[in-house]
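Computed over heavy atoms, backbone and side chain alike; hydrogens, waters and symmetry mates excluded. Everything numeric in this text was worked out from a predicted model, so none of it was measured.
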Amino acid sequence: MQKGTIMKILYGTTNNAKLQAMKKAVEVLDVELVGLNDIDGELPDINEIGNTPLENAEIKARAYYEAFHMPVFSCDSGLYFDEVKEEEQPGIHVRRVNGRELADEEMIQYYASLAAKYGGKLTGRYRNAIYFILDGKHHYSSMDMSIATEPFIMVSEPHAKRVEGFPLDSLSIDIRSGKFYYDLEVKDVSTSVDEGVRRFFTAIISQK
């Protein structure tokens, strides 16, 4: 791609908060990021049947590329713990346990019990995946650790605070300070993700 040329890319999400966060991550690059809410046309019906974050990211990206015929990427994530056996890893099914969607308090109880089973605390991180389709012949993907969140501690005794829709934050502790994220000014575990995302797109754009 010639220097100074702006590439318009669709981010396959309707979540404006995610779109704004991704725009911040790639703001130094020659790209214009738009979301699904910015696109005219009916959104495809997508069945996320993948077994990993990367498989689900690919399913979504392919569906949006077929629908809108423009450069597009999708993301997906899963939760993984260092100490937990493979059959007990939440992976992409963070809220679904034994085939049932858990309510917020049920999630807190389930993950608190899981931490208790392994000595009262677990070391976890969210593994993120990106699948980017530039055109019909050029596809790029990553589930590299550079786009995973920093590790954090999940404990068996929850914080008193609750925020609807984010139940696991009540169990999450900053690994460096040993404090609940709720007791810190900065509560985000994604501080290392932006640089990895920038490197992913920079490598692709530099080839064009």
Side-chain angles (χ1 to χ4, degrees), residues 9 11-13 15 17-29 31 33 48-62 64 71-96 107 111 114-115 117-119 121-134 138-155 166-169 171-181 184 186-208:
I9 301 175
Y11 178 14
T13 184
N15 186 317
K18 289 183 178 180
L19 176 62
Q20 295 307 315
M22 189 63 74
K23 282 184 175 181
K24 183 178 180 182
V26 301
E27 62 185 356
V28 298
L29 306 179
V31 300
L33 222 55
E48 297 181 36
I49 57 173
N51 293 314
T52 67
L54 188 56
E55 288 179 5
N56 276 337
E58 179 178 357
I59 288 168
K60 291 184 287 186
R62 288 183 180 275
Y64 295 133
V72 59
F73 72 93
S74 286
C75 299
D76 207 82
S77 64
L79 176 59
Y80 300 87
F81 296 108
D82 291 350
E83 302 87 353
V84 171
K85 294 181 292 186
E86 184 175 351
E87 59 268 25
E88 290 184 307
Q89 290 287 0
I92 60 174
H93 304 293
V94 178
R95 190 176 280 270
R96 179 175 288 272
M107 284 187 70
Y111 284 99
L114 184 63
K117 179 179 178 179
Y118 287 89
K121 64 180 183 179
L122 295 168
T123 307
R125 70 173 77 227
Y126 290 92
R127 295 288 308 275
N128 300 311
I130 302 176
Y131 197 93
F132 176 47
I133 301 177
L134 180 63
H138 298 89
H139 294 204
Y140 307 89
S141 64
S142 177
M143 196 172 154
D144 189 79
M145 292 303 292
S146 67
I147 58 172
T149 66
E150 65 181 27
F152 65 96
I153 299 298
M154 184 165 286
V155 294
F166 297 93
L168 298 191
D169 286 358
L171 296 169
S172 299
I173 285 181
D174 174 51
I175 205 167
R176 286 168 290 193
S177 67
K179 296 181 179 180
F180 280 97
Y181 282 99
L184 300 174
V186 179
K187 308 176 183 68
D188 189 3
V189 300
S190 303
T191 54
S192 64
V193 174
D194 286 0
E195 181 58 34
V197 169
R198 278 192 292 271
R199 287 201 299 268
F200 173 78
F201 283 107
T202 298
I204 295 169
I205 292 171
S206 66
Q207 298 175 31
K208 301 297 135 196

Is any side-chain heavy atom of F201 closer than 4.5 Å to a side-chain heavy atom of L33? no
Using modelled atom types only, decide if a donor and an acceptor are shared between the side chain of Y111 and the backbone of V94 within a distance under 3.5 Å. yes
Please report the C-alpha distance between F73 and Y11 in whole Å, then the side-chain angles of each, then the deciding distance to 0.1 Å, and finally whether the ring-ring contact (aromatic ring centres under 6.0 Å, His included) criterion is met. CA-CA 5 Å; F73 72 93; Y11 178 14; 4.6 Å; yes
Hey, does F152 have a side-chain heavy atom less than 4.5 Å from the side chain of Y181? yes
Check against side-chain contact (heavy atoms from CB on, under 4.5 Å), V72 and F132: CA-CA 6 Å; V72 59; F132 176 47; 5.9 Å; no
Any ion pair linking E83 and K121 (charged N to carboxylate O, less than 4.0 Å)? no
Given side-chain contact (heavy atoms from CB on, under 4.5 Å), test F180 with V155 step by step and report yes or no. CA-CA 10 Å; F180 280 97; V155 294; 4.0 Å; yes
When you check the gap from the basic side-chain N to the acidic O, do K24 and D194 get nearer than 4.0 Å? no
What's the shortest heavy-atom distance between G78 and P53, and which atoms? N-CG, 3.6 Å
Hey, does L134 have a side-chain heavy atom less than 4.5 Å from the side chain of H139? no
What I'd like to find out is whether the side chain of P90 reaches to under 4.5 Å of the side chain of F81, using heavy atoms alone. yes
Does any non-hydrogen side-chain atom of Y126 lie less than 4.5 Å from one of Y80? no
Decide side-chain contact (heavy atoms from CB on, under 4.5 Å) for D76 and I92; before the verdict, give the C-alpha distance in whole Å, the side-chain angles of both, and the deciding distance to 0.1 Å. CA-CA 8 Å; D76 207 82; I92 60 174; 4.0 Å; yes
Begin from the C-alpha positions of E58 and S141 and carry the test side-chain contact (heavy atoms from CB on, under 4.5 Å) through to its verdict. CA-CA 8 Å; E58 179 178 357; S141 64; over 6 Å; no
Write down the atom of Q89, the atom of V84, and the distance for their closest heavy-atom approach. NE2-O, 3.1 Å
Taking atom types as modelled, find out whether D169 and S172 have a side-chain donor-acceptor pair closer than 3.5 angstrom. no
What's the shortest heavy-atom distance between S74 and Y64, and which atoms? OG-CD1, 3.5 Å
Nearest heavy-atom neighbours spanning V28 and R198: CG2-CD, 3.7 Å
Spatial distance of atom OG (S146) from atom CZ (R199) [nearest 0.5 Å]: 5.0 Å
Just checking, any donor-acceptor pair under 3.5 angstrom between side chains of S142 and D144? no
So which heavy atom on E55 is nearest to which on N51, and how close? OE1-N, 2.7 Å
So, do I153 and L122 sit near enough that their side-chain heavy atoms are less than 4.5 Å apart? no
Per the side-chain contact (heavy atoms from CB on, under 4.5 Å) rule, which among T202, N128, L29, I130 passes with V197? I130
For the residue pair I173 and M154, establish whether any side-chain heavy-atom pair is separated by less than 4.5 Å. no
How long is the straight-line distance from CD1 of I59 back to CD1 of I49, given to the nearest 0.5 Å? 5.0 Å
Nearest heavy-atom contact between A129 and A57 is O-CB, 4.2 Å
Can you find a side-chain donor-acceptor pair between E88 and Y118 that sits under 3.5 Å? yes
Walk me through it: do E27 and K23 pass the test salt bridge (Lys or Arg N to Asp or Glu O under 4.0 Å)? CA-CA 6 Å; E27 62 185 356; K23 282 184 175 181; over 6 Å; no
So does C75 get a backbone contact from the side chain of K60, meaning a donor-acceptor N/O pair under 3.5 Å? yes
Between N56 (side chain) and G50 (backbone), is there a donor-acceptor pair under 3.5 Å? yes
Taking the side chain as every heavy atom from C-beta outward, state whether E150 and R125 have any pair of such atoms under 4.5 Å apart. no
